[in-house]
Every structure is written in C-alpha cells, then in structure tokens.
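Given the structure is predicted, the values throughout are model-derived calculations rather than measurements. Count residues from 1 along the sequence. Order of listing sets the numbers, starting from 1, for every ligand and every atom in it.
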Amino acid sequence: MTSTQAIGVFDSGVGGLSVAKKIREMLPQEDIIYIADSRYAPYGNKPRQFIEQRSRALSGFLLEQHVKAIVVACNTATLSAIQQLRSDFTVPIIGVEPGIKPATLNTRTGVIGVMVTTRTSQTEAFHELVKRYSENVKIEVQACDGLVEQVEQGDLTSNTTRALVERYVRLLLDKGVDTIALGCTHYPYLIPIIKDVAEPGIEIIETGTAVAKQVVRRLSEENRLTSKKTAGSDIFYTTGDVAVVEQIVSYLWGQPEKVLPCQI
Ligand code: DGL
C-alpha cells in the first residue's frame, strides 16, 4: 500500500521550514502542506495549555486536508504537546527535540550548550531529556528570548539580530562549551551568525536532517511513501498576515511561494 496523501507540517511560524526543507530534499515526490501559526508566534513565552490547544487546532486543520502524517516542526510544541496529540489522533506524529544526544557524542571538553526557547526550557520533557544525558557531560541550557521574533521578521543579518545571537552564544562559550545544539527550528536560519560569533572548532548541531530521516522511516514502515514519480507540491498556509508571511516564506524557502490564509 502506498499513499499519495500529503505530509502535514506545522510550527508556531516559519522556523519549521528548516525541517520541511530537509523533508522536501529527502522525499522529492511527496506533497507537503505546511502551516505557520504566525498569528500566535512566538510560542516560547506562552503557557503549556495554550500551546497544546494550538497544536491540536493545527493538527485538526491538517487532517481536514487529509494528510497521512503530521510533523510537529517545533521543539516547543513537541515538548509541550506531542503526547496529547498522539492520544488525540491516530496518524503518525513525528516531533523534533533538541539534538542533545548527538551533541554529547561530539563533545571533547565534556560541556555542551543547548539553545532553546524559554517555554522549552521549562517543560518537564526537556528536563528529562537533559537529565538522561547529563551523566557524563555537563549540559548548559540557554533560553534565547527574542531570536524567534527576529527570524519571524525575516531578519537574519541585522545588527540587532547579531547582538542577540552574540550575547547568547558568548554566555555558552564562557561556560566552556565546544558543541551547541540548536533546540528551536528557527535557529538554523541563524547558523551563519552563530558560526561567525562562535570560536573556530565549535560544532553546531541541528536536527532537521534527523527528523526528515525519521519521517522516511515512519512512512516506509507503514508502507505509506508515495508511488508518484512526479515532483511533489508545496502548499503553505498561515494564520497570520498572508502578505507578510508570503515574503518571508519565499525568502526562507528560496523561491517565490504563494501562502494561503487559514482561520483557526
Ligand atoms: N520553532 C519553534 C521551536 O522549535 C519556536 C517556538 C516559538 O515560537 O517560540 O521551538
């Protein structure tokens, strides 16, 4: 059995495009439906119940579009709401988590940094993840308020963005980290600045590729990879301002894209 239904992807905003892009590269024939919950971004300073409620609404919307799987392309939503989503819905639901495990395998100093949103840093699931890998490695957690907002504005290079990134990365470097895991799907868009401010030899770990591989694995286990031979389509929705989001989606996706409105 194969399935020509689309893969649904959601995030609080445009950050999840960093994951969707890896899925697109790995599965060129699959259709992808992406929804950015831009009206409510950022999630990082919102209560857990709110994120759960939005995650449920976005998943419900994607299922109305008949998706065969849902990718929660947001660490904050994954760590706050994935258990709830898995008990509410029966399609495969794939989440993202900060790459703490690969970071612990990479470190030589024995100290790693994790950049996350404030909400992520407060979730129980994140605390458990940190605890699981803390035995032999020191894990320094840095909440990075303001970075999601910069990426949401498509501002990847200004002095303001640079100053924010520099402050957070410096705090981690001062603690002796040699590896930094990016625990938010917006942050891969800031890698050029992070690399710039980090010292040479600092490894940056992002999880987009690992998540895309997990999507391939889950769909092939369920015999639900498409049998289509033609290129898959990309459909983008937002709960926010369509004209604004369209510009930023096109910029981050690397080509002009249309964005459709979604009122949920
Ligand atoms: N991309 C989301 C994440 O991975 C950002 C959450 C937010 O909107 O603060 O955590």
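Pairs passing the side-chain hydrogen bond (donor to acceptor under 3.5 Å, both in side chains) check and including a residue from residues 180-192, sequence neighbours excluded, read Glu152-His186.
If you look at ligand 1, the protein residues with a non-hydrogen atom under 4.0 Å away are Asp11, Ser12, Pro42, Tyr43, Gly44, Cys74, Asn75, Thr76, Thr117, Val148, Cys184, Thr185, His186.
Counting heavy atoms from C-beta outward, Asp11 and Ser18 have side chains that stay 4.5 Å or more apart.
Applying the side-chain hydrogen bond (donor to acceptor under 3.5 Å, both in side chains) criterion to Asp88, with sequence neighbours excluded, gives Arg56, Gln84.
Note: Lys213 NZ to Met26 CE = 6.0 Å, rounded to the nearest 0.5 Å. Interatomic distance, Ile100 CD1 to Thr179 OG1, rounded to the nearest 0.5 Å: 12.5 Å.
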Going by atom type alone, with no hydrogens or angles, which donor-acceptor pairs under 3.5 Å involve a side-chain atom of residues 164-175 and a protein atom two or more places apart or on another chain?
{"from": "Tyr168", "atom 1": "OH", "to": "Asp145", "atom 2": "N", "distance (Å)": "3.2"}
{"from": "Tyr168", "atom 1": "OH", "to": "Asp145", "atom 2": "O", "distance (Å)": "2.6"}

